[in-house]
Amino acid sequence: MRPTIIKIVRAMRVAATIATALTPSGGIVRAQAEREFLRPAQAARILADSRPWAAMREGGRQARVTFNPDGTGTFEGPMTVSANWAINGEDICITITIIGVKCHRFVKVAGGLDAYTDGAVELRLRR
């Protein structure tokens with residue numbers, strides 16, 4: 001092969017390797033996109049232990065929430081209101097009177113749990 005063709009072939013191989021790594025089927029993006037969602041029952045055992053969580057929503061709003069094993073709880077923010085939670089398929093759905101129903105899938109992280117809705121973190125729970 002001529003030197004120019006060899007350079008082109010090498011450049012194409014490098015480009016293909018980079019494209020593979022950066023596409024959803026490639027290692028870099030796939031590793032970032034994969035989350036180890038907890039099974040709902042496992043998340044409920046961690047979440048609902050009757051101890052308060054420091055909760056932070058995107059945008060910085062903070063509150064304190066407590067979930068009990070019996071499906072009840074409290075939300076302490078600008079005002080204190082009752083909450084209920086239940087497993088619904090793969091989600092845990094939380095009902096707070098002033099917010100309504102929010103369903104999440106949970107990921108265990110250092111210091112607590114992250115709650116995902118539609119693939120994005122909506123709530124961070126920490127202790």
Side-chain angles (χ1 to χ4, degrees):
M1 280 191 190
R2 296 176 21 200
T4 304
I5 294 174
I6 292 172
K7 288 180 185 177
I8 292 172
V9 169
R10 285 184 183 155
M12 290 175 65
R13 285 184 183 158
V14 169
T17 301
I18 292 169
T20 299
L22 296 177
T23 58
S25 61
I28 294 171
V29 172
R30 186 177 63 238
Q32 292 173 352
E34 289 178 356
R35 292 177 196 90
E36 291 290 328
F37 287 115
L38 296 171
R39 290 187 174 147
Q42 184 181 16
R45 278 192 300 278
I46 296 169
L47 183 71
D49 62 359
S50 300
R51 293 180 26 216
W53 292 93
M56 185 170 19
R57 293 179 53 98
E58 294 302 311
R61 291 186 300 200
Q62 296 183 6
R64 215 168 94 138
V65 293
T66 303
F67 300 99
N68 301 312
D70 66 357
T72 64
T74 57
F75 171 88
E76 300 171 58
M79 58 186 355
T80 299
V81 295
S82 63
N84 293 298
W85 67 271
I87 294 174
N88 184 6
E90 292 296 313
D91 296 334
I92 294 180
C93 295
I94 302 166
T95 305
I96 300 174
T97 54
I98 60 173
I99 297 172
V101 178
K102 294 283 188 170
C103 296
H104 309 286
R105 293 189 71 193
F106 289 88
V107 174
K108 190 171 184 178
V109 296
L113 298 170
D114 282 347
Y116 284 78
T117 302
D118 297 327
V121 175
E122 185 173 340
L123 183 65
R124 297 183 189 282
L125 300 172
R126 301 291 185 270
R127 289 201 169 124

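If you're wondering where the values come from, they're calculated on a predicted model, not measured in any experiment.
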- Spell out, as yes or no, whether a donor-acceptor pair under 3.5 Å connects the side chain of Ser50 to the backbone of Thr66. no
For the side chain of Trp53 and the backbone of Arg124, is there at least one donor-acceptor N/O pair under 3.5 Å apart? no
Minimal heavy-atom distance between Trp85 and Pro69, with the atoms involved, is CZ2-O, 3.8 Å
So CG of Asn68 and CG of Asn84: to nearest 0.5 Å the spacing works out to 10.0 Å
With the side chain counted from C-beta on, respond yes when Phe75 and Ile98 share a heavy-atom pair under 4.5 Å apart, and no when they do not. yes
In terms of heavy-atom contacts, Gly89 and Pro40 come closest through O-CG, 3.4 Å
Give a yes or no answer on whether the side chain of Asp91 reaches the backbone of Cys93 with a donor-acceptor pair at less than 3.5 Å. no
Rounding to 0.5 Å, atoms CD (Glu36) and CG (Leu38) come to a distance of 9.0 Å
Between the main-chain N or O of Pro52 and the side-chain N or O of Arg127, is there a donor-acceptor pair closer than 3.5 Å? yes
Here the gap from Leu123 atom CG to Tyr116 atom OH, rounded to the nearest 0.5 Å, amounts to 12.0 Å
Original post:
Would you say Ile46 and Phe37 are hydrophobically clustered, going by side-chain heavy atoms of ILVMFWY under 4.5 Å?
Top reply: no
| Honestly curious: do Ile99 and Phe106 fall in one hydrophobic cluster under the side-chain, below-4.5 Å linking rule? | yes
So CG of Asp114 and CE of Met56: to nearest 0.5 Å the spacing works out to 9.5 Å
message: With clusters defined by side-chain heavy atoms of hydrophobic residues (ILVMFWY) lying less than 4.5 Å apart, directly or transitively, does Val65 cluster with Ile87?
response: yes
Check: Short question: side chain of Arg126, backbone of Leu113 - any donor-acceptor pair under 3.5 Å?
Finding: yes
* Note, His104 side chain near Ile92 side chain (heavy atom, < 4.5 Å) -> no
For this session: Could you tell me whether Asp70 atom CG has more than 12 heavy atoms of other residues or ligands within 6.0 Å of it?
Result: yes
Inset, instruction - Flag yes if Val109 and Leu47 sit in one hydrophobic cluster, no otherwise; membership is Ile, Leu, Val, Met, Phe, Trp, Tyr, and two members link when side-chain heavy atoms are under 4.5 Å apart. - result: no
Test salt bridge (charged side-chain N to carboxylate O under 4.0 Å, His left out), reference Glu122, set Arg105, Arg57, Arg61, output is Arg57
